[in-house]
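Scroll down for the structure; my scribbles are underneath it.
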Amino acid sequence: MELIHHYTSIKTLELILKNRCIRFNRLDRVDDLSEHKALRKYKLDKYIFVSCWTEDAEESIPLWNMYSDGMKGVRISLQKEVFTYKELVAPKGWTKYGRIEPGTKSPINFITLIGDNYLIMPFITNKSNFYRKVNYVENIETYYQNILERVVDPVSNKLTLNIKMGDIAYFKNKEWLFQKESRFILIIFPAMKLPEDGFINKKVSDDYSNFMLNSIVNGKPAPFEYFDVRIEKDVLENMRVVMGPKTILTDHEKVKEMLNEYTIKPKPFLSKSYGSIAL
């Protein structure tokens, strides 16, 4: 089984276990300021949500230090297929404007994709868009300079934004190479509330699109700073937890109790660097 790894605090581990969710943070809240600044000029940074992992099986002292509460946290390892793809089904009664191609699968169900005040872009139905390894480059701004194109129809004067969705959140500057990062990516735009029967006619569909377009043009952010996505119970059952290099006995016992309550694998492991780094 291929595994991915995430360095975090004991508190976050508890929330993952209790709520059975993985949290996606908005890009303007992550630690690489250069990344969201490169997208901010196009007013896109507040629509991108990421959950950051690494496929590197070897423990990383820098990642322990940066993300695990002073090396006293944990590294969790989960199967690479963290999120289960299921057939995407629109609610009964939705019109042709809400029709979905048969066999389309998504890690997030239809009702969650389209909220009362947001829309998760359905490009996640393609697994290679939803999960990807970060590409490290010399200058991230070079790679984002053509990510958004504004097109104005000369007859109707209507504005269209062409966004290269496949490039968003794909690049970081080379100084972050030590992270060997992979990430899950959501793009979430503000949206208007739809009628109960969805895109009931073309006007509703057009109004919906125009609302999102105007939100981007005017810099209106997504309506929240993070988004939680549910995972299946069996994914948690196979979680592997390693305690940080500076773990204390009481925390070790606490994590052991947590795992015993929520999973069938109650034993946390100690970091290979445990006892070799000054407290």
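Side chains included, hydrogens not; waters and symmetry mates left out as well; all remaining heavy atoms used. Remember, it's a predicted structure, so these values are computed and weren't measured experimentally.
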TODO: Assess Arg240 against Phe269: is NZ or CZ under 6.0 Å from the centre of the six-membered ring, and within 45 degrees of the ring's axis?
DONE: yes

Task: Evaluation steps, side chain to side chain contact (heavy atoms under 4.5 Å, CB included), between Val74 and Val242 - done: CA-CA 6 Å; Val74 296; Val242 175; over 6 Å; no

What's the spacing between [X] [atom1] and [Y] [atom2] if we round to 0.5 Å?
X: Asn126; Y: Arg132; atom1: CG; atom2: CZ; answer: 9.0 Å
X: Lys133; Y: Tyr170; atom1: NZ; atom2: OH; answer: 10.5 Å
X: Phe189; Y: Ile187; atom1: CZ; atom2: CD1; answer: 6.0 Å
X: Met66; Y: Asp69; atom1: CE; atom2: CG; answer: 14.0 Å
X: His6; Y: Ser51; atom1: NE2; atom2: OG; answer: 6.0 Å
X: Leu213; Y: Asn218; atom1: CG; atom2: CG; answer: 9.0 Å

Report yes if the side chains of [X] and [Y] come closer than 4.5 Å at any heavy-atom pair, otherwise no.
X: Asn117; Y: Pro190; value: no
X: Ile48; Y: Leu39; value: yes
X: Arg230; Y: Ile108; value: no
X: Thr125; Y: Phe130; value: no
X: Phe184; Y: Phe49; value: no
X: Ile188; Y: Phe227; value: yes
X: Leu78; Y: Asn238; value: no
X: Pro245; Y: Trp64; value: yes

I need the minimum non-hydrogen distance between [X] and [Y], along with the two atoms involved.
X: Ser273; Y: Ile61; value: OG-CD1, 3.5 Å
X: Gln145; Y: Thr142; value: CG-O, 3.1 Å
X: Tyr118; Y: Pro223; value: CB-CG, 4.1 Å
X: Tyr7; Y: Ser60; value: OH-N, 3.0 Å
X: Asn173; Y: Tyr136; value: O-CD2, 3.6 Å
X: Ile76; Y: Trp53; value: CD1-CH2, 4.0 Å

- [ ] Return each pair, listed once, that meets side-chain hydrogen bond (donor to acceptor under 3.5 Å, both in side chains) where at least one residue sits in residues 176-191; pairs must be two or more places apart or across chains.
- [x] Asp32-Trp176, Glu35-Arg183, Asp56-Lys180, Tyr67-Gln179, Tyr131-Ser182, Lys172-Gln179, Lys172-Glu181, Glu181-Arg183

Open item on the list: Once side-chain hydrogen bond (donor to acceptor under 3.5 Å, both in side chains) is applied, what residue pairs with a partner in residues 107-116 remain, sequence neighbours excluded?
Closed with: Asn109-Thr112

Sidechain-backbone polar pair: [X] side chain, [Y] backbone, donor-acceptor under 3.5 Å:
X: Ser215; Y: Phe211; answer: yes
X: Asn260; Y: Lys256; answer: no
X: Asn210; Y: Asp206; answer: yes
X: Lys246; Y: Lys72; answer: no
X: Ser209; Y: Ser205; answer: yes

Mind checking what makes salt bridge (Lys or Arg N to Asp or Glu O under 4.0 Å) contact with [X], not counting sequence neighbours?
X: Arg29; result: Glu225
X: Lys233; result: none
X: Asp28; result: Arg26

- [ ] Scan side-chain atoms only and decide if Ser77 and His5 contain a donor-acceptor pair under the 3.5 Å cut-off.
- [x] yes

Open item on the list: Under the criterion side chain to side chain contact (heavy atoms under 4.5 Å, CB included), I'd like the reasoning laid out for Ile16 against Met239: C-alpha separation, chi angles, the key distance, then a yes or no.
Closed with: CA-CA 11 Å; Ile16 291 172; Met239 176 187 285; 4.2 Å; yes

Side-chain donor-acceptor pairs of residues 80-87 under 3.5 Å, sequence neighbours excluded:
unit_1	atom_1	unit_2	atom_2	d
Lys80	NZ	Glu55	OE2	3.3
Tyr85	OH	Ile124	O	2.7
Lys86	NZ	Glu232	OE2	3.0

Transitive ILVMFWY side-chain link [X] to [Y], under 4.5 Å:
X: Leu27; Y: Met121; value: yes
X: Leu63; Y: Leu177; value: yes
X: Val235; Y: Ile22; value: yes
X: Tyr226; Y: Ile168; value: no
X: Leu15; Y: Ile231; value: no

- [ ] Taking the six-membered ring for Trp and the full ring for Phe, Tyr or His, determine whether the centres of Tyr208 and Phe199 are under 6.0 Å apart.
- [x] yes

TODO: Salt-bridge test for Glu59 and Arg75: reply yes if a basic N is under 4.0 Å from a carboxylate O, no otherwise.
DONE: no

Open item on the list: Between Met212 and Asn214, is the side chain to side chain contact (heavy atoms under 4.5 Å, CB included) condition met? List the steps.
Closed with: CA-CA 5 Å; Met212 287 193 294; Asn214 289 330; over 6 Å; no

Task: More than 12 heavy atoms from other groups under 6.0 Å of CD on Glu196 - done: no

- [ ] Might you confirm whether atom OH of Tyr143 has over 12 heavy atoms from other residues, nucleotides or ligands at distances under 6.0 Å?
- [x] no

TODO: Take Leu236 and Tyr262, measure what side chain to side chain contact (heavy atoms under 4.5 Å, CB included) needs, and give me the verdict at the end.
DONE: CA-CA 8 Å; Leu236 287 182; Tyr262 294 105; 5.8 Å; no

